[in-house]
Amino acid sequence: MRTTLWDDFKMYVLNSGNTLNKLLAVNIAVLILFGLIWMVDHLFATNLDLDTVLKTYVVGFPSSPIMALKRPWTIVTYQFVHDGFFHLLFNMMMLLVAGRIFREFLGDKKLLNVYLLGGAAGALMFMLAVNIFPIFGHGEVVLIGGNLIQLNYFTVIGASASVIAILAAAATLVPNYTLFLVLIGPVRLIYIMLFFFLVDIISLGSSNSGGHFAHLGGALFGFVYIKTLQNGTDIGAWLTRFFDWLRNLFKPKANIRVSYRSNEPAKPSGPRHVSQDEVDAILDKIAKSGYDSLSQREKDILFRASKDN
């Protein structure tokens with residue numbers, strides 16, 4: 001049976017419980033949308049530069065605290081907007097690698113939490129740095145309480161802080177996880193994370209200082225997230241509860257069914273379905289004690305759950 005591109009999209013993205021696939025799809029879709037906006041703007045010679053205007057004043061996260069309060073949605077939207085194809089490509093390649101490792105040990109719900117909260121931490125670090133360090137110069141002037149106050153005004157876009165948060169979390173959880181890199185060979189995950197961390201530190205004086213501060217904010221969150229999780233506290237649990245509430249809010253009510261009890265013995269069936277609660281409990285155990293602490297039954301449950309997805 002032939003399948004169309006739309007069939008594959010529904011199978012692997014829309015109808016899949018794989019959060020990683022959904023994050024990749026949203027980032028790609030947003031780039032295509034902005035590409036179409038740029039194309040229309042260019043073909044009709046409007047000279048409006050809508051692509052830049054939207055990224056700067058609508059979806060990009062501003063360095064000005066006042067502007068951030070006026071546009072609170074930008075702390076989320078900036079995480080899905082990129083400045084061109086290669087910006088997206090590098091971030092999505094890192095997300096694919098780090099996200100698979102993270103998802104293998106901690107599951108989909110925690111992956112989404114770290115992506116969004118790590119991105120938020122990166123945005124706040126960016127804002128703090130821009131408004132503290134003189135390297136960023138002076139920006140807009142606003143009137144507050146009869147006084148003219150200068151604000152450094154820049155915007156940040158991109159999934160980099162979110163991706164670095166996931167990479168840092170995975171490297172903190174399983175530092176000895178080994179990846180085989182082309183032309184290099186086997187490298188432990190902790191060394192890959194340290195490489196990116198050092199690059200960001202060295203680059204703080206570059207023209208993209210704000211972006212590198214955002215990366216460091218994301219990395220710090222990923223590290224703290226795993227350390228608190230290993231101590232028994234999930235600082236992203238509130239976000240999980242929020243998304244569960246949203247899902248239940250729009251979930252259609254089940255129809256009432258009439259059933260009868262049969263006196264015939266139940267026929268054996270295939271392996272029972274693995275509940276999400278079982279998977280979450282096992283993933284929490286991995287976070288606290290490592291994969292080797294699992295019993296064979298728990299490993300079998302994880303294997304069946306991965307086949308279901």
Side-chain angles (χ1 to χ4, degrees), residues 2-64 67-100 108 111-112 114-120 122-123 126-127 139-140 153-167 207-208 210-212 214-215 218 243 246-247 250:
R2 289 184 59 187
T3 60
T4 64
L5 182 63
W6 175 245
D7 291 330
D8 289 339
F9 181 75
K10 287 193 294 184
M11 179 184 297
Y12 294 110
V13 179
L14 294 182
N15 299 331
S16 168
N18 190 323
T19 298
L20 179 58
N21 287 351
K22 288 181 169 67
L23 289 172
L24 292 167
V26 171
N27 276 279
I28 294 170
V30 171
L31 182 77
I32 293 173
L33 175 62
F34 273 92
L36 292 174
I37 292 172
W38 177 87
M39 182 181 68
V40 171
D41 194 28
H42 178 71
L43 289 176
F44 287 93
T46 62
N47 296 320
L48 294 176
D49 202 10
L50 283 176
D51 174 66
T52 302
V53 170
L54 289 173
K55 289 177 181 177
T56 304
Y57 297 105
V58 179
V59 295
F61 183 79
S63 60
S64 162
M67 291 297 102
L69 289 174
K70 289 182 178 180
R71 302 198 290 266
W73 61 86
T74 57
I75 202 166
V76 174
T77 56
Y78 98 93
Q79 302 177 34
F80 298 92
V81 182
H82 291 84
D83 189 23
F85 173 76
F86 289 104
H87 186 200
L88 173 81
L89 180 63
F90 182 75
N91 279 341
M92 294 304 98
M93 288 176 63
M94 283 189 60
L95 176 60
L96 187 61
V97 174
R100 280 179 172 174
D108 287 287
L111 175 65
L112 181 60
V114 172
Y115 183 97
L116 293 175
L117 296 178
F126 160 79
M127 176 190 288
E140 63 177 339
Y153 186 79
F154 302 90
T155 54
V156 64
I157 57 173
S160 301
S162 305
V163 173
I164 288 290
I166 293 171
L167 178 61
S207 59
N208 187 31
H212 292 290
H215 299 173
F243 285 127
L246 278 182
R247 275 191 290 268
F250 296 101

Colleague: Measuring from L33:CG to I28:CD1, what's the distance to the nearest 0.5 Å?
Modeller: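 Reported value, rounded in 0.5 Å steps: 14.0 Å.
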
Colleague: For W38 and H42, take the angle between the two ring planes, folded into 0 to 90°, and tell me which bin it lands in: parallel under 30, tilted 30 to 60, perpendicular over 60.
Modeller: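 W38 and H42: parallel rings.
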
Colleague: What verdict does the side chain to side chain contact (heavy atoms under 4.5 Å, CB included) test give for L36 and M39, after you've listed the backbone C-alpha separation in whole Å, the side-chain angles of each residue and the deciding distance to 0.1 Å?
Modeller: CA-CA 5 Å; L36 292 174; M39 182 181 68; 3.8 Å; yes

Colleague: Which residues pass the ring-ring contact (aromatic ring centres under 6.0 Å, His included) test with F80, not counting sequence neighbours?
Modeller: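 Applying ring-ring contact (aromatic ring centres under 6.0 Å, His included) to F80 gives Y115.
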
Colleague: Of all residues at least two apart in sequence or in a different chain, which pass the side-chain hydrogen bond (donor to acceptor under 3.5 Å, both in side chains) check with N91?
Modeller: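 Residues passing side-chain hydrogen bond (donor to acceptor under 3.5 Å, both in side chains) with N91: H82, S160.
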
Colleague: Got a second to check how far L96's CG is from L24's CG, nearest 0.5 Å?
Modeller: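 Reported value, rounded in 0.5 Å steps: 6.0 Å.
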
Colleague: What's the shortest heavy-atom distance between G119 and A161, and which atoms?
Modeller: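 Between these two residues, the closest heavy atoms are CA-CB, 4.3 Å.
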
Colleague: Got M92 and L95 here, is their nearest side-chain heavy-atom distance under 4.5 Å?
Modeller: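 Side-chain contact under 4.5 Å: yes.
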
Colleague: Rounded to the nearest 0.5 Å, what separates atom CZ in F34 from atom CG in D83?
Modeller: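 Reported value, rounded in 0.5 Å steps: 10.5 Å.
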
Colleague: Closest approach of S162 and Q79, non-hydrogen atoms and distance?
Modeller: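 Looks like OG-OE1, 3.0 Å.
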
Colleague: Tell me every residue that passes side-chain hydrogen bond (donor to acceptor under 3.5 Å, both in side chains) with T56, counting only those two or more places apart in sequence or in another chain.
Modeller: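 Scan of T56 (side-chain hydrogen bond (donor to acceptor under 3.5 Å, both in side chains), adjacent residues dropped) gives none.
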
Colleague: For V58 and V53, run side chain to side chain contact (heavy atoms under 4.5 Å, CB included): C-alpha distance rounded to whole Å, both residues' side-chain angles, the deciding distance at 0.1 Å, then the answer.
Modeller: CA-CA 7 Å; V58 179; V53 170; 5.6 Å; no

Colleague: Rounded at 0.5 Å granularity, tell me how far CG in L117 sits from CD1 in I75.
Modeller: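 Between atom CG of L117 and atom CD1 of I75 there are 9.5 Å.
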
Colleague: So do L23 and L112 actually touch side chain to side chain, heavy atoms under 4.5 Å?
Modeller: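 Yes, close enough: below the 4.5 Å cut-off.
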
Colleague: Calculate, to the nearest 0.5 Å, the distance between atoms CG and OG1 belonging to L69 and T74 respectively.
Modeller: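 Answer for the CG-OG1 pair, L69 versus T74, is 9.5 Å.
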
Colleague: Atom CD1 in I32, atom CG in L88: separation rounded to 0.5 Å?
Modeller: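 Here the interatomic distance stands at 9.0 Å.
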
Colleague: How far apart are the closest heavy atoms of F61 and Y78, and which atoms are they?
Modeller: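 Here F61 and Y78 meet closest at N-CB, 3.6 Å.
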
Colleague: Name the residue from L111, D108, I166 that meets the side chain to side chain contact (heavy atoms under 4.5 Å, CB included) definition with L20.
Modeller: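 Among the candidates, only L111 passes.
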
Colleague: Using every non-hydrogen atom in the two residues, find where A165 and G118 come nearest and quote the distance to one decimal.
Modeller: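 Nearest heavy atoms, A165 then G118: CB-CA, 3.6 Å.
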
Colleague: Please find the pair of heavy atoms, one from A214 and one from F126, that lie closest to each other, and give the distance.
Modeller: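 Answer, listing the atom of A214 first, then F126: CB-CB, 4.1 Å.
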
Colleague: Please test K55 against T155 for side chain to side chain contact (heavy atoms under 4.5 Å, CB included), starting from the C-alpha separation and ending with a verdict.
Modeller: CA-CA 8 Å; K55 289 177 181 177; T155 54; over 6 Å; no

Colleague: Keeping R71 on the side-chain end and Y57 on the backbone end, is there a donor-acceptor pair under 3.5 Å?
Modeller: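 A pair under 3.5 Å: yes.
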
Colleague: Atom CZ of residue position F243 - does it have more than 12 heavy atoms of other residues, nucleotides or ligands inside 6.0 Å?
Modeller: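 More than 12 within 6.0 Å, yes.
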
